[in-house]
Amino acid sequence: MPELPEVESARQALESALDREIQAVDDNDEWVSRPHRPGDIARALVGGRLVAAHRRGKTMWLDTVGPDGEAGPPLGVHLGMGGRIIVTGPDGERGGGEPVRPDRTPRKAEWDRFTMTFTDGGQLRLFDKRRLGRVRLDPDLSELGPDAETITREEFRTRVGRGRAPVKARLLDQSVLAGVGNLLADEILWQAAVSPSAPAGDLDGDTLDRLYAAMQRAIAGAIANGGAHTGEVNPFRHADASCPRCGAPMVHGTVGGRTTWWCSAEQS
DNA sequence: AACAATGTTCAGTC
DNA sequence: GGACTGAACATTGT
């Protein structure tokens with residue numbers, strides 16, 4: 001599920017885990033917790049607490065303090081391709097930040113890849129069937145571009161509008177701009193009526209501004225409606241679909257290494 | 001069985 | 001050496 005909108009909702013869920021004493025940490029999944037060894041994260045955090053939940057693009061990190069109140073190592077959290085954050089209270093009920101839509105995903109215990117238990121009995125869990133999520137101490141954020149939700153129009157123009165790579169690849173490049181994923185990218189390009197494979201450096205200022213406006217709307221809409229999959233074109237990303245705006249056939253291919261759908265008439 | 005999946009990363013190539 | 005591409009990563013669902 002996770003693109004910027006889903007990650008923002010996960011970040012909000014993490015806020016209900018703040019200021020609670022950490023009693024235990026299960027960091028035994030060596031893939032999800034790489035490059036740490038099992039027990040490394042537990043040793044660093046047990047006895048302390050989380051004090052703030054941040055997000056940039058699809059990456060989250062939690063500020064921590066030790067038992068003495070001194071700052072501890074930040075804990076980075078990434079949801080990968082399908083991870084989710086679950087925070088429970090003392091009696092096991094769900095914490096805040098739950099998805100707008102009810103969720104029927106089965107909760108197999110083996111899909112909990114990382115678990116933090118608080119002294120009040122509640123938990124913070126990274127639930128991820130595909131196991132591409134990640135948790136690590138002192139995450140490196142230096143390769144991340146500015147957040148897609150707050151980047152300025154000028155910055156968007158100069159960062160996105162360059163290079164020979166397809167504009168979609170540019171939108172997906174997290175070092176250019178952090179937060180846009182595959183569905184959001186297709187939605188933005190369709191809203192702005194721009195071909196996904198147009199070389200980014202060829203786009204004029206008006207086109208880049210249109211992309212910027214479309215991105216802002218797409219992100220705000222997705223946050224309000226519960227996810228990147230709620231975009232307007234999303235229902236038309238399948239064979240035999242017609243563009244909901246002009247009726248021309250929707251077509252697909254691979255652009256920027258990802259499956260891409262676009263309107264054969266308006267985005268040529 | 002083969003392939004795609006709302007993501008990231010690393011090894012290659014130009 | 002930077003920019004760019006494609007495969008690999010772990011796992012599930014179609």
Side-chain angles (χ1 to χ4, degrees), chain A residues 1-11 28-35 55-60 76-85 99-101 103-114 126-136 139-145 148-149 159-190 196-202 215 218-219 221-223 225-239 252-261:
Chain A
M1 309 168 72
E3 292 190 43
L4 188 152
E6 288 82 1
V7 178
E8 175 54 24
S9 121
R11 190 201 63 77
N28 290 308
D29 189 314
E30 299 183 43
W31 177 253
V32 169
S33 299
R34 72 190 184 287
R55 177 190 65 73
R56 182 144 143 219
K58 308 171 197 171
T59 298
M60 297 178 280
V77 180
H78 200 293
L79 301 178
M81 190 83 105
R84 308 198 12 227
I85 291 295
V100 175
R101 294 146 60 103
D103 162 46
R104 256 170 235 84
T105 309
R107 289 274 156 60
K108 297 202 183 173
E110 62 263 37
W111 289 339
D112 284 336
R113 311 297 182 178
F114 176 87
L126 170 60
F127 174 85
D128 179 16
K129 355 179 163 190
R130 278 173 186 59
R131 213 181 170 207
L132 288 170
R134 191 162 179 186
V135 173
R136 64 157 310 167
D140 177 16
L141 307 174
S142 65
E143 302 300 308
L144 276 185
E149 194 185 6
R159 296 182 75 92
V160 175
R162 62 191 304 161
R164 301 310 305 167
V167 58
K168 177 168 178 181
R170 205 87 192 135
L171 289 171
L172 290 174
D173 186 338
Q174 304 298 298
S175 68
V176 169
L177 175 75
V180 176
N182 198 35
L183 295 183
L184 223 33
D186 278 6
E187 176 75 16
I188 291 164
L189 290 160
W190 179 79
S197 46
D202 287 353
M215 178 177 77
I219 290 174
I223 289 178
N225 297 325
H229 63 283
T230 61
E232 243 184 282
V233 266
N234 196 59
F236 303 91
R237 297 175 105 255
H238 65 81
H252 69 103
T254 299
V255 181
R258 309 298 305 279
T259 297
T260 303
W261 289 85

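Naming: A, B, ... by sequence-line order, numbering from 1 per chain. Because the structure is predicted, anything quoted here is derived from the model rather than measured.
Residues A:N225 and A:P5 are not in side-chain contact: their nearest non-hydrogen atoms beyond the backbone lie 4.5 Å or more apart. The side-chain heavy atoms of A:T260 and A:K168, taken from C-beta on, include a pair separated by under 4.5 Å. In this structure, the side chains of A:R56 and A:Q174 stay at 4.5 Å or more apart for every pair of heavy atoms. Side chains of A:L79 and A:L126 form a contact here, defined as non-hydrogen atoms less than 4.5 Å apart. Considering only heavy atoms from C-beta on, A:P35 comes within 4.5 Å of A:R136 through its side chain.
Atom CG of A:L79 is separated from atom P of B:dT8 by 10 Å (rounded to the nearest Å). In this entry the distance linking CG of A:D128 with C1' of C:dC9 reads 13 Å, nearest Å. Atom CZ in A:R136 sits roughly 13 Å away from atom C1' in B:dT9 (whole-Å rounding). Look at CZ on A:R56: it is 14 Å from P on B:dT8, rounded to the nearest Å. Rounded to whole angstrom, the span from the CZ atom of A:R131 across to the C1' atom of B:dT9 amounts to 17 Å. The nearest whole Å value for the distance from the CD atom in A:E30 to the C1' atom in C:dA10 is 14 Å. Rounded to whole Å, atom P of B:dT9 lies 11 Å from atom NZ of A:K58. Rounded to a whole Å, the CG atom of A:N182 is 7 Å from the P atom of B:dA5.
OP1 and OP2 of B:dG7 both lie 4.0 Å or more from every side-chain N or O belonging to A:H78. For A:W111, a side-chain nitrogen or oxygen approaches OP1 or OP2 of C:dT12 to under 4.0 Å. Residue A:R130 places none of its side-chain N or O atoms closer than 4.0 Å to OP1 or OP2 of C:dT12. Put simply, A:R258 has no side-chain N or O that comes within less than 4.0 Å of OP1 or OP2 on C:dG6. Contact between the side-chain N/O atoms of A:K108 and the OP1/OP2 oxygens of C:dT12 is not found at any separation under 4.0 Å.
Between A:T259 and A:R134, the residue anchored nearer the 5' end of DNA chain B, judged by the nucleotide with its closest heavy atom, is A:T259.
A distance of 7.5 Å separates CZ in A:R11 from CZ in A:R55, rounded to the nearest 0.5 Å.
Nucleic acid contact class of A:E6 (heavy atoms, under 4.0 Å, all strands): base. Nucleic acid contact for A:G163: sugar-phosphate only, since backbone atoms but no base atoms lie under 4.0 Å from a heavy atom of the residue. The residue A:A165 sits close only to the backbone: its heavy atoms come under 4.0 Å of sugar-phosphate atoms, none of a base. No contact: A:R237 has no heavy atom under 4.0 Å from any strand.
When each of C:dT5, B:dG7, B:dA5 is scored by its nearest atom to the side-chain atoms of A:E3, the top-ranked nucleotide is B:dG7.
Across all strands shown, B:dA11 forms a Watson-Crick or G-U wobble pair with C:dT5, both key distances being under 3.5 Å.
Nucleotides C:dT12 and B:dT9 have their P atoms positioned 22 Å apart, rounded to a whole Å.
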